[in-house]
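Just so we're on the same page: letters track the sequence lines, and every chain starts at 1.
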There are 2 protein chains.
Amino acid sequence: MSADGGPADEPVRASATAAVTLSEVAARAGVSVSAVSKVLRGNAAIRVSPDTRQRILTAAEELRYRPNFAARALQAARTQVLGLVVPDLTNALFTELMHGVEDEAAAHGYTVLLGRLDTDRPQTEVIARLLGEGRVDGLVLQATDGVDPAALAQLLDPRAAVVLINSVAPGRASSVTVDDVGGGRTATEHLVELGHTRIALAGGLPTSYTAQRRRRGHQQAMRAAGLDPRADHETALGYTADQGRQALRALMQLDPRPTGIVVANVNAAVGLLAEAHALGIDVPGDLSVVTVLDSWTAENTWPPLTAVRMQFYAMGRTAVTSVIRRIGDATMTDEVILDPAPVLVVRGSTASLSP
Amino acid sequence: MSADGGPADEPVRASATAAVTLSEVAARAGVSVSAVSKVLRGNAAIRVSPDTRQRILTAAEELRYRPNFAARALQAARTQVLGLVVPDLTNALFTELMHGVEDEAAAHGYTVLLGRLDTDRPQTEVIARLLGEGRVDGLVLQATDGVDPAALAQLLDPRAAVVLINSVAPGRASSVTVDDVGGGRTATEHLVELGHTRIALAGGLPTSYTAQRRRRGHQQAMRAAGLDPRADHETALGYTADQGRQALRALMQLDPRPTGIVVANVNAAVGLLAEAHALGIDVPGDLSVVTVLDSWTAENTWPPLTAVRMQFYAMGRTAVTSVIRRIGDATMTDEVILDPAPVLVVRGSTASLSP
DNA sequence: CTGAAAGCGCTAACAG
DNA sequence: CTGTTAGCGCTTTCAG
């Protein structure tokens, strides 16, 4: 209803068919296209008379000029857009990652284009489409869990500006990962400190780099506590609630039963907890559950899940810094976010072992 | 490791700096660029000698030619990409929507670009950036809940190919919505059938079109059952778990307390349920909870949430059909997905009223 | 059947 | 300070 005359309140001129071009602005301002181009790009180093500049600015404003993306991209041979591609965008844990990526991208004048990885389509197709067709200048890619990174690496052109997150491909692509070893260790140490000795691991797929490293951290903590990480106390399942349920059922076959479980990711932990209720197992009375990765869902289970919060925001920022560097030169790097360390968030799903 | 020689197994050539162009292919095939263009676009109607065609095809293959997106977009004045913009991509309930959008878009040869709406940035900026700069040909947009649709409508150029989902802007943009009235009604009817009479509504914001209509459905069902939809039995909160918790606390002040609650969305319902546990309220013993909207999280609470599944997949498909039509001609439409009706999924959070 | 040439909207030399 | 021009990679008349 407000109409204070400011341009922000006017309808957005957006129809592609009626797009106003530089030359229209030039015509109205009575100057050449190049003058308009210079002024509108805001290049500070250019010399234009204040008068011309003003005429151009008002003409552009009146006409609602917007630069054409394709034309700019064609001429510059770059788009100023970065792709962020993950297997499942609606996974709550990506919230932080996306924010990290977007914040850092914005800070460098890049836009981010989100993509989803179709499980049934080859991963390379996305890469080829985005990078190969020049839709993006660089790619932050989380490969689908269960895809062998070595195999993926084979398919990557080493010249492509790709940075893998949560996975590595030495010599093929840059990578940024969170401290999965530390995360697995922190989770397990928490249970150890609570007095648990029969600690199980509801781990991820063995093909997953992330899962392997969380497992390593778990085992480190076990050994450090003089405990034996027994193979039958480990499951290897995927990242869904349903697979968390399966993991619990398998683990509960054990005799004696474990009193504590480290779950390799939140979604599985949520399912595992629901299954515990279904089986009449009291958490944390009979069983303590701690999960690696945190998200809003973990706060809203019953009991709320104790979790190890991983630094996804930082990973997102670092990944963007890394691709942008890659676009400039050919340097390939492998980074691990160690600095903000994983942090244990104690909620209600873990308790001291009561004998 | 496999190396069967097929091109699919070769590294993806993707570096923008080393992109191979049409003229390089032409040179290698010993023909003109225009010939290559014709053949590679696969236009069936063109006449080229089988021999030339073959030479072109092999040259393109050997060089790993990929058409440049920007060049095509510039020349065609369209990108063949559609934008899907929602407030929060990681909201699990968008899974179905995205699939619907992607499936339908793919069927028409469009790619979809996902976007997130920053709460702190004006919604029009996204529209201007995507549509105005010609990054996309059309937009499927879910406005942030709480943004007044009328206000948004003012800001929309009626010529822009925008279709709103879960909201309307008559005369300004096309729209597609799910059957919110039916959803609210179905949820409430379920509680009525279980014998509840003191039924509360943990509704959404009054500015939300969707929330308004779910509320209307709720009230219809109440009146049809001879019940009085009392104002103090309704809350109006947003779409987060935390706001669901607040709603429950407010509702539990009532004396007598309601025995059933219809929650306007899943995330709030998950929070509300967690809060019920925290307050020592037995669900469904003391209180039945049913939510409009379903997602994997609803199956993994304790007890699992009874939910009304809305047709988000269909809405996604329809929305895409709608934008694409809008790109061609100027027809503006408002559609409601009535055909697959909302479906009640009974799980454990609702039970007959036990006196 | 095939090629030369113009032009999409923009930027960046290079002249005036 | 300002304008002219070439050309990014592609498609598309229009001649040959």
Tell me every residue that passes salt bridge (charged side-chain N to carboxylate O under 4.0 Å, His left out) with [X], counting only those two or more places apart in sequence or in another chain.
X      : value
A:R326 : none
B:R116 : A:E102, B:D118
B:D329 : none

If the helix axis at each end comes from five base pairs, how far does the helix from C:dC1-D:dG16 to C:dG16-D:dC1 deviate from straight, to 10°?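 Axis-to-axis angle, ends of the helix: 50°.
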Whole angstrom value for the distance that separates [atom2] of [N] from [atom1] of [X]:
X      : N      : atom1 : atom2 : value
A:Q54  : D:dC1  : CD    : P     : 16 Å
B:L63  : D:dG9  : CG    : P     : 14 Å
A:L22  : C:dC8  : CG    : P     : 13 Å
B:F69  : C:dG9  : CZ    : C1'   : 15 Å
B:R41  : D:dC10 : CZ    : C1'   : 10 Å
B:R135 : C:dC10 : CZ    : P     : 13 Å
A:L40  : C:dG9  : CG    : P     : 16 Å
A:Y65  : C:dT11 : OH    : C1'   : 10 Å

Side chain of [X] (C-beta onward), nearest among [options]:
X     : options               : value
A:T52 : D:dT4, D:dT12, D:dC1  : D:dC1
A:A71 : C:dG9, D:dG3, D:dG9   : C:dG9
A:S49 : D:dT11, C:dC10, D:dC1 : D:dC1
A:K38 : C:dC10, C:dA13, C:dG3 : C:dA13
A:V31 : C:dG3, D:dG3, C:dT11  : D:dG3

Would you classify A:S23 as touching base, sugar-phosphate or nothing, given that sugar-phosphate means primed atoms plus P, OP1 and OP2, and contacts are heavy atoms under 4.0 Å?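 The answer is nothing, as A:S23 stays clear of every strand by at least 4.0 Å.
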Protein and nucleotides 5-7 of chain D: nitrogen or oxygen contacts under 3.5 angstrom:
from  : atom 1 : to    : atom 2 : distance (Å)
D:dG7 : N2     : A:Q75 : OE1    : 3.4

Between [X] and [N], is there a contact of a side-chain N or O with OP1 or OP2 at under 4.0 Å?
X     : N      : value
B:R66 : D:dG9  : no
A:R53 : D:dC1  : no
A:R72 : C:dG9  : no
A:S37 : C:dC10 : no

On DNA chain D, check which nucleotide each of B:A35 and B:L74 is closest to and give me the residue with the more 5' one.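 Between the two, 5'-proximity favours B:L74.
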Can you tell me how far the [atom1] atom of [X] sits from the [atom2] atom of [Y], to the nearest 0.5 Å?
X      : Y      : atom1 : atom2 : value
B:R135 : A:L113 : CZ    : CG    : 9.5 Å
B:E125 : B:I127 : CD    : CD1   : 10.5 Å
A:I165 : A:M315 : CD1   : CE    : 4.5 Å

For [X] and [Y], which heavy atoms make the closest approach, and how far apart are they?
X      : Y      : answer
A:R28  : A:L63  : NE-CD1, 3.4 Å
A:Q142 : A:N166 : OE1-ND2, 2.8 Å
B:L22  : B:V33  : C-CG1, 4.0 Å

Please identify each residue that fulfils side-chain contact (heavy atoms from CB on, under 4.5 Å) with B:A143, with sequence neighbours left out.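 Partners of B:A143 under the side-chain contact (heavy atoms from CB on, under 4.5 Å) test: B:Q123, B:L152.
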